[in-house]
Amino acid sequence: MSTCKTILRQLPCCTRRPTPWILRSTPSRVVLHDRSAFRCSYASISAAELKFGQPLHETHPHILRPGELTPGITALEYAQRRSRLANKLPRHSVAVLAASEVTYRASGIFNEYRQDSNFFYLTGFNEPNALAIIVNDGSGDNHLFHLYVREKDPKAELWDGARSGTQAAIDVFNADETGDIEHIEDILPQIVSDATEIYTDIPAFNFGRSSLHRYLYGPSGTSEKLKKIVDHQKVKPLRPILNEMRVFKSEDEVVHLRAVGQASGRAFTKSMRQTFTKEKDLTSFLEYNFKVNGCDHSSFVPVVAGGSNALSIHYTRNDDVLRDGDMVLVDGGGEAGTYVSDITRTWPVNGKFSDPQRDLYNAVLNVQRSCVSLCRETAGLSLDRLHSVAESGLKDQLQQLGFDVSGDAMSTLFPHHVGHYVGLDVHDCPGYPRGYNLKAGQCITVEPGIYVPDSDRWPERFRGIGIRIEDSVCVGDDSPIVLTTEAVKEVDDIEALRE
């Protein structure tokens, strides 16, 4: 059975695997079970009393299913990821990753927390001030997982909410070793000093200036300690290895990305049904419906560009009026469990396409549909080659509409790439080449667009129109899986929404 068919079969109901460590609930108690040895820290604690730094099935069964550590992803899958990474490292080498810091909008006013994607991919741990170390211990398939976190602190938790603490690092997140991050200055040098190689993207290991939190690189000078004990030549970049892993999605990841795409697509379609007079009102409605449909929040600041504002690819002011007779280009997507969706739709503000709008829209749609159909391994295309296909197709379509596409015309009319990888990040696996042939299990966007400036060079009836159509797609063996089909895109379907 092909990868694509296997995934499609699982879309309606995701099979959940057992996990090596899970908290199992009874009607009144919660008991921790270990498959090999009974290590029970929570055996006498009521489920209602459990407090962690993030949702778990035992505390938030409305968010997570049994066995899931984060929405859609089991604790077992996180352990398997760490094992695969360890097996890619040389013997007796280590990978070191730091959690994201809390960032601030203003003094004392913090932004919504977003975990570092690589750290999250390997741990599922969603709190700041944490360090993960994965050790290839030289014993084959086995590895050691260290997770150093903030210890529980009632006074701090009174202000900032619950922390998971060191006990949960072992019992819930399956760490082999843990400790208070406050003492990392004494712990970390001991771990890395004997490593044959150190794979990390933390700046301190390169002995440069670091913006990481004070627990790792504050006034006491962890960086200086590392400089004394770590041979700089042992330090290797970790990102390329993780990119190779993350670019291929597991079946559970695809199922979860499909759910996020479904929720996001429904929010788009519902937005198309409404008539808005201001960009900000459409923005608010769209983001609200992302959440109502099951997303945590938007995966990025949406583009809601009415009329000629659509000629700016990353227009995010969203503060203009929407005029009857214009089109509105909306680029957005929801995020759930740190996985994202990315969709663009363009539709008439009044719900009805004018003839020029319909002609230019169908030109883009024809190319988008053609490119989506090529998102299969058997096509033998890379993202770069898919871009060439899109550019050639758009050129042919525009010539039929009376455009002069000679010279540098396409760099003006289609100035961006046709797609990028998508997953935990909107632009997933940064640095992974677009020149590699697409393989089954990779997820990408397909987003051709046409943006016609107000210039005598272009046919008058199309001037000032910007149109982009984008779906998130999982590459299959023989056929693609479109993750965002709930966002309608045919002209007749869009117009029927207002009837």
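By the 4.5 Å heavy-atom criterion applied to side chains, E77 and R81 are counted as neighbours.
In this structure, a donor-acceptor pair under 3.5 Å is present between the side chains of R498 and T275. The closest side-chain donor-acceptor pair between R114 and S117 falls under 3.5 angstrom. Side-chain contact annotation: S382 with D384, donor-acceptor N/O pair under 3.5 Å absent. Side chains of E447 and H420: a donor on one and an acceptor on the other come within 3.5 Å. For the 3.5 Å distance criterion, the side chains of E279 and Y315 qualify, holding a donor opposite an acceptor. The closest side-chain donor-acceptor pair between D281 and Q274, if any, does not fall under 3.5 angstrom.
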- Task: Go through V446 and D471 one step at a time and tell me if the side chain to side chain contact (heavy atoms under 4.5 Å, CB included) criterion holds.
- Result: CA-CA 6 Å; V446 179; D471 283 296; 5.6 Å; no
- Message: Walk me through whether S341 and L483 qualify under side chain to side chain contact (heavy atoms under 4.5 Å, CB included).
- Response: CA-CA 8 Å; S341 180; L483 303 172; over 6 Å; no
- Query: Does the side chain to side chain contact (heavy atoms under 4.5 Å, CB included) test come out yes or no for L89 and I241, once each step is laid out?
  - Reply: CA-CA 9 Å; L89 302 179; I241 299 175; 4.0 Å; yes
- Message: As a quick check of understanding, evaluate side chain to side chain donor-acceptor pair (under 3.5 Å) for E197 and S93, giving each step before the final call.
- Response: CA-CA 5 Å; E197 291 181 275; S93 61; 5.5 Å; no
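Looking only at distances, a side-chain donor or acceptor of H417 sits under 3.5 Å from a matching main-chain atom of G419. Of the possible donor and acceptor atoms, one in the side chain of T200 sits under 3.5 Å from a partner among the backbone N and O of V96. Looking only at distances, a side-chain donor or acceptor of N136 sits under 3.5 Å from a matching main-chain atom of A86. Of the possible polar contacts, one joining the N318 side chain to the V304 backbone as a donor-acceptor pair under 3.5 Å is found. Distance alone, capped at 3.5 Å, is enough to place a donor-acceptor pair between the N289 side chain and the F285 backbone. Put simply, the side chain of R345 gets close to the backbone of A487: a donor and an acceptor are under 3.5 Å apart. Proximity of a side-chain donor or acceptor of Y421 to a complementary backbone N or O of P433 within less than 3.5 Å is detected. Between the R239 side chain and the P430 main chain, no donor and acceptor come within less than 3.5 Å of each other.
Within the 6.0 Å centre-distance limit, the rings of Y451 and H416 are counted as a close aromatic pair. Close placement of the F414 and H387 rings is indicated, their centers lying within 6.0 Å of each other.
The aromatic rings of F403 and W458 lie tilted to each other, with the angle between the two planes from 30° to 60°. Between F268 and F290, the ring-plane angle classifies as tilted under the 30° and 60° cut-offs.
Residue Y113 places its OH atom among more than 12 non-hydrogen atoms of other residues, nucleotides or ligands, all under 6.0 Å distant.
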